[in-house]
Amino acid sequence: MKKTLIFITSVFLAGALFAQSDDELFGSDDDFFSDDSIVEVPDVSAKDDLSKGVIFDTGSIKIGGSLTAGITTNTIVYSPDSTDFGENLKNTKLKPDLSAMLSVDARPTDTLRIYTKFGLAYPFENKVSGYYPTDPYGKVASGFVGLDADNNPVIGVKTTNSISDWFKLKELFTDFSIKDTAFFRFGVHTVTWGAGYFFSPVSDMINTTSIDPEDPEKQVDGALNLRTQIVFPNSQNCLWFYVIPSTDFTNQTAESYARDTAFAGKADILLGNWELGIGGFYKYQNAPKLMLTATGSLKKVSFFGELVYSYGSAAEWHENTDWNDKTSIIQATAGLSYYWKEPKITFAAQYYYNGNDMDFPYNYIISGHNLAAMANFGKLFGNSDFTASLFTMVNFGRKEYGENELAVLKMLGADDDIISAVSGISLNSTAMVYYSPIKDMKLGMGPVLTFKNFDEKPTFSMKLTATLGGGKF
């Protein structure tokens with residue numbers, strides 16, 4: 001295993017900085033596709049009174065959403081692999097960003113709610129995906145192998161067409177309740193158990209995707225589940241219970257379906273302006289997990305932390321379902337944030353230790369020690385038309401994956417940025433300055449410096465962005 005150091009600096013757009021616990025009785029307002037706005041970060045220690053819910057008129061329907069429209073380019077100025085700037089300029093590609101998210105929130109009665117959230121993203125066409133092809137002699141091209149649905153190696157071609165490349169159902173659920181004590185939710189929805197911003201191993205226990213540290217405002221994908229929330233009267237303390245049923249109905253018997261159903265629970269306790277959470281996750285013949293969370297503030301500085309203990313890795317339980325000889329795995333994270341109202345500066349930093357480097361390619365795992373930090377400037381030179389953003393990520397001890405493993409990532413849909421990150425890039429730094437010549441337009445420019453490893457010369461490029469209209473409605 002080669003130890004690498006990754007230092008990533010890129011544009012980050014602050015919105016609501018930290019995900020609260022899964023107590024948003026009226027759903028998530030996170031955007032499926034992020035935007036460039038810089039807004040004030042709320043205090044993560046401030047909790048809503050869940051027992052009071054949210055004001056919502058019976059019989060009403062609320063429709064909202066967002067639209068993002070823009071273009072991005074990244075021109076290589078110098079690279080050890082390509083030093084011809086003219087050729088690099090010729091190969092510069094325009095990357096359009098055109099996407100929309102729509103939500104429908106209905107309240108037929110005072111105890112029933114129906115909610116859905118879905119989005120579209122350009123290009124609006126089906127993409128072909130599948131296993132890597134074989135050569136004319138039946139051998140896997142370039143030594144690549146694929147994985148079937150059970151993560152077993154396969155060779156040959158298997159392609160599928162799906163609208164999931166441009167259409168995404170983010171949430172579809174119904175809420176109902178018993179008086180003001182027990183609240184139920186059934187359907188597909190994002191579970192925001194964790195307190196982290198760049199990383200959240202606690203939320204990863206149930207959600208089907210992880211936070212992308214380079215785009216933390218993008219809402220992760222939730223699983224189909226039945227949630228029960230029990231609120232203690234006259235307090236903000238509550239209990240959460242989850243039943244996550246299997247979504248594989250192929251040749252399922254009642255017994256096998258029950259075995260493939262997972263269970264999770266969590267208790268939230270408010271102590272002063274600090275909230276503590278303790279819970280666990282269990283699925284038959286899978287790694288059981290215990291978790292702790294904490295959020296609070298000291299002198300206007302918000303703090304948060306998470307701890308997850310797993311008995312064994314997913315790979316170990318897949319190979320052997322015996323309870324003996326499993327590895328104890330620790331994942332821990334802690335961070336802080338602070339907002340200066342004047343001169344509109346947001347700062348956040350988070351440390352994350354991930355002791356699991358055995359479960360490739362689950363969630364495109366980032367192992368070892370990680371540190372992420374962000375600084376957003378709401379105005380420069382006293383002028384709010386000029387803004388700036390800086391993000392930094394450092395990694396120590398990441399496992400460097402081989403060519404075949406990276407091919408599997410690509411087959412599973414990982415984009416180039418994710419593949420580059422897990423392949424051992426040593427440094428990638430981007431700093432952006434934005435200018436808004438008119439209210440509905442924002443132009444950005446900034447340098448990008450990338451070290452694949454420190455034994456080679458870096459790649460230097462220039463990034464340009466343009467946000468053209470769009471916004472929330």
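Nothing fancy with the numbering, it's 1 onward along the sequence. In this text the structure is predicted, and so the values were computed from the model without any measurement.
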Exercise. Got a second to check how far Tyr115's OH is from Leu172's CG, nearest 0.5 Å?
Worked result: 10.5 Å
Problem set entry | Side-chain (Thr190) to main-chain (Val220) donor-acceptor, under 3.5 angstrom | yes
For this session: Using modelled atom types only, decide if a donor and an acceptor are shared between the side chain of Asn207 and the backbone of Val191 within a distance under 3.5 Å.
Result: yes
Exercise. Below 6.0 angstrom between ring centroids: does that apply to Phe184 and Phe176?
Worked result: yes
Exercise. So how far is it from Ser177 OG to Asp110 CG, rounded to the nearest 0.5 Å?
Worked result: 7.5 Å
Problem set entry | Residues, nucleotides or ligands: over 12 heavy atoms within 6.0 Å of Tyr282 OH | yes
Problem set entry | Aromatic plane relationship, Trp193 with Tyr242 - under 30° parallel, 30 to 60° tilted, over 60° perpendicular | perpendicular
Exercise. Are any non-hydrogen side-chain atoms of Ser310 and Trp317 less than 4.5 angstrom apart?
Worked result: no
For this session: Look at the side chain of Asp97 and the backbone N and O of Thr72, then say whether any donor-acceptor pair between them is shorter than 3.5 Å.
Result: no
For this session: Examine distances only and state if a side-chain atom of Lys170 and a backbone atom of Gln219 form a donor-acceptor pair shorter than 3.5 Å.
Result: yes
Exercise. Below 4.5 Å, heavy atoms only, C-beta onward: do Leu102 and Phe473 meet side chain to side chain?
Worked result: yes
For this session: Rounded to the nearest 0.5 Å, what's the gap from OG1 on Thr392 to CE on Met374? Could you check?
Result: 11.0 Å
Exercise. Cation over ring, Lys326 on Tyr311, under 6.0 Å and within 45°?
Worked result: no
Problem set entry | Arg113 and Asp175 ion-paired at < 4.0 Å | yes
Exercise. Where the side chain of Gln331 meets the backbone of Asn356, is there a donor-acceptor pair that is under 3.5 Å apart?
Worked result: no
Exercise. If we only count heavy atoms from C-beta on, is the His189 to Asn225 side-chain gap below 4.5 Å?
Worked result: yes
Exercise. Do Thr321 and Tyr284 come close enough that some side-chain heavy atom pair is under 4.5 Å?
Worked result: no
For this session: Working to the nearest 0.5 Å, report the span between CG of Leu67 and OG of Ser99.
Result: 6.5 Å
Exercise. Does the side chain of Leu336 reach to within under 4.5 Å of the side chain of Phe347, using non-hydrogen atoms?
Worked result: yes
Exercise. Mind checking whether Leu270 and Ser235 have side chains closer than 4.5 Å, heavy atoms only?
Worked result: no
For this session: For Met432 and Thr465, run side-chain contact (heavy atoms from CB on, under 4.5 Å): C-alpha distance rounded to whole Å, both residues' side-chain angles, the deciding distance at 0.1 Å, then the answer.
Result: CA-CA 9 Å; Met432 297 292 293; Thr465 66; 4.0 Å; yes
For this session: For the residue pair Asp322 and Asn324, confirm or rule out a side-chain donor-acceptor distance under 3.5 Å.
Result: yes
Exercise. Short question: side chain of Asn370, backbone of Tyr352 - any donor-acceptor pair under 3.5 Å?
Worked result: yes
For this session: Supply the atom-to-atom distance Met101 CE to Leu120 CG, rounded to the nearest 0.5 angstrom.
Result: 8.5 Å
Exercise. Does any non-hydrogen side-chain atom of Met291 lie less than 4.5 Å from one of Glu306?
Worked result: no
Exercise. Nearest heavy-atom pair of Pro201 and Thr333: which atoms, and what distance?
Worked result: CD-CG2, 4.1 Å
For this session: Kindly say whether Asp221 contributes a backbone atom to a donor-acceptor pair with the side chain of Thr209 at under 3.5 angstrom?
Result: yes
Problem set entry | Glu316 (side chain) donor-acceptor with Thr327 (main chain) under 3.5 angstrom | yes
Exercise. Any side-chain heavy atom of Glu275 sitting closer than 4.5 Å to one from Gln236?
Worked result: no
For this session: State the OH-OG1 distance between Tyr434 and Thr467, to the nearest 0.5 angstrom.
Result: 7.5 Å
